[in-house]
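Right, one structure below, let's go through it.
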2 protein chains.
Amino acid sequence: MENRDNGPPAGLSDKLNGELLSADCPSRGVLKHVTSQWGVLVLIALQGGTHRFSELRRRIGGVSERMLAQTLQVLEADGFVARRAYPVVPPHVEYSLTPLGEEVAEKVRVLADWIEVNFHRLPASRRAAQRPARVPV
Amino acid sequence: MENRDNGPPAGLSDKLNGELLSADCPSRGVLKHVTSQWGVLVLIALQGGTHRFSELRRRIGGVSERMLAQTLQVLEADGFVARRAYPVVPPHVEYSLTPLGEEVAEKVRVLADWIEVNFHRLPASRRAAQRPARVPV
DNA sequence: TTCCATACTTACCTTTCCGTGCGTACTTAC
DNA sequence: GTAAGTACGCACGGAAAGGTAAGTATGGAA
């Protein structure tokens with residue numbers, strides 16, 4: 001038995017697989033940040049361009065100030081979010097995606113869009129089906 | 001403003017954004033399951049084909065029995081994982097991805113692969129700051 | 001007879017997550 | 001003068017995540 005019997009579709013080598021699946025893979029930390037509950041939404045919300053703090057907070061429904069600030073800091077430390085603060089009297093800070101951030105955000109968005117589009121095919125939509133007028137044939 | 005909420009799901013654009021970013025979007029639950037720490041790794045590990053429980057456990061480094069069982073149950077309830085149990089004397093259960101599961105897993109894998117490939121481009125401060133902080137009591 | 005392997009489940013406990021409320025330094029609006 | 005907005009930081013407490021260990025049923029190996 002040498003190589004695999006039914007390998008993954010295409011693209012990246014199986015070597016990468018072994019890395020991520022190993023417990024000490026350093027990428028896991030970044031992956032956790034990116035796939036965190038608010039991390040996903042921040043990346044998607046920032047894809048539209050530059051936004052201010054409270055603007056983002058209104059944009060992302062349900063996020064608290066604490067979580068938004070924390071998520072932005074983590075994503076900034078990872079190099080995905082750029083923070084620009086102006087030393088003016090009412091605080092003015094602008095957040096945007098770095099080139100790296102744009103790349104991950106695109107991947108994240110593809111995943112999120114798939115879930116939104118295919119949500120009606122999932123059994124979860126039956127369990128929590130409380131929607132008034134959204135029933136396709 | 002465009003107002004098409006019953007159109008074909010062919011092209012997804014900014015309309016979808018508003019749904020996911022709103023607090024009561026039902027897709028958020030599924031998104032959370034898929035992007036959960038172990039959910040991501042289970043989906044990737046199952047992309048190779050069918051695997052048994054302890055086989056998955058050895059494959060995914062660092063996962064506990066409890067978390068693996070729980071994650072598999074959630075993913076099965078969402079319709080991403082298929083579970084087939086044989087009524088034999090030593091329990092024999094096989095896990096695989098459903099067609100839906102294969103689709104998400106691919107999206108998840110693209111994201112995970114990007115992070116692994118581009119990890120070296122990320123700021124070094126992040127890499128060094130990964131340590132289990134132990135606070136003395 | 002005891003141990004092990006399988007695929008979990010349950011109980012117990014620690015750790016992390018996350019919302020709420022408060023404070024800041026300053027300005028505009030009422 | 002009071003309220004609101006801005007962009008957070010800090011402390012508290014409840015909720016959730018997650019690890020460890022033990023139990024369950026059964027047959028085969030030692």
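Here the structure is a predicted model, which is why all the values come from computation and not from measurement. We name chains A, B, ... by the order of the sequence lines, and we start the count at 1 in each one.
When every heavy atom of A:Glu94 is checked against every heavy atom of A:Tyr86, the shortest pair comes out as OE1-OH, 3.3 Å. Of all heavy-atom pairs between B:Gly79 and B:Leu100, the closest is O-CB, 3.9 Å.
Put simply, NE2 on B:His51 is 15 Å from P on C:dT6, counting in whole angstrom units. Following rounding to the nearest Å, A:Met67 (CE) and C:dC17 (P) show an atom-to-atom distance of 8 Å.
As judged by a 4.0 angstrom heavy-atom cut-off over every strand, A:Arg58 is placed among residues touching the sugar-phosphate backbone only. Here B:Arg83 lies in heavy-atom contact (under 4.0 Å) with sugar-phosphate atoms only. Here B:Gln37 lies in heavy-atom contact (under 4.0 Å) with sugar-phosphate atoms only. Within 4.0 Å (heavy atoms only), A:Glu94 reaches no atom of the nucleic acid at all. No engagement by A:Tyr86 is indicated, since no non-hydrogen atom pair under 4.0 Å with the nucleic acid exists.
Summarising the geometry, atom CG belonging to B:Leu97 is positioned 4.5 Å from atom CD belonging to B:Glu102; distances are rounded to the nearest 0.5 Å.
Comparing A:Gln70 and B:His92 by the nucleotide of DNA chain C whose heavy atom lies nearest to each, the residue mapping closer to the 5' end is B:His92. Residue-to-nucleotide proximity on DNA chain D shows that, of A:Lys32 and A:Leu72, the 5′-proximal contact is made by A:Leu72.
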message: Using side chain to side chain contact (heavy atoms under 4.5 Å, CB included), reason through B:Leu68 and B:Trp38 one step at a time and then give a plain yes or no.
response: CA-CA 7 Å; B:Leu68 181 57; B:Trp38 302 118; over 6 Å; no
- request: Treat primed atoms plus P, OP1 and OP2 as sugar-phosphate and everything else as base, then score nucleotides 20-30 of chain C 5' to 3': B for base contact with protein heavy atoms under 4.0 Å, S for sugar-phosphate contact only, - for none.
  value: B-----SS---
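Checking D:dC12 for Watson-Crick or G-U wobble geometry (two distances, each under 3.5 Å) identifies C:dG19 as its partner.
With sequence neighbours left out, A:Arg52 forms a side chain to side chain donor-acceptor pair (under 3.5 Å) with A:His92.
For the pair A:Arg84 (side chain) and A:Val93 (backbone), a donor-acceptor distance under 3.5 Å is absent. A:Ser54 contributes no side-chain N or O that, together with a main-chain N or O of A:Arg57, makes up a donor-acceptor pair within less than 3.5 Å. Checked by atom type and distance alone, the side chain of B:Thr98 never pairs as donor or acceptor with a backbone atom of B:Ala82 at under 3.5 Å.
For DNA chain D, the contact window with chain B, defined by any atom under 4.0 Å from a protein heavy atom, covers D:dG18 to D:dG27 in 5' to 3' order.
Using a 4.0 Å cut-off between a side-chain N of Lys or Arg and a carboxylate O of Asp or Glu, A:Arg109 and A:Glu116 do not qualify as a salt bridge.
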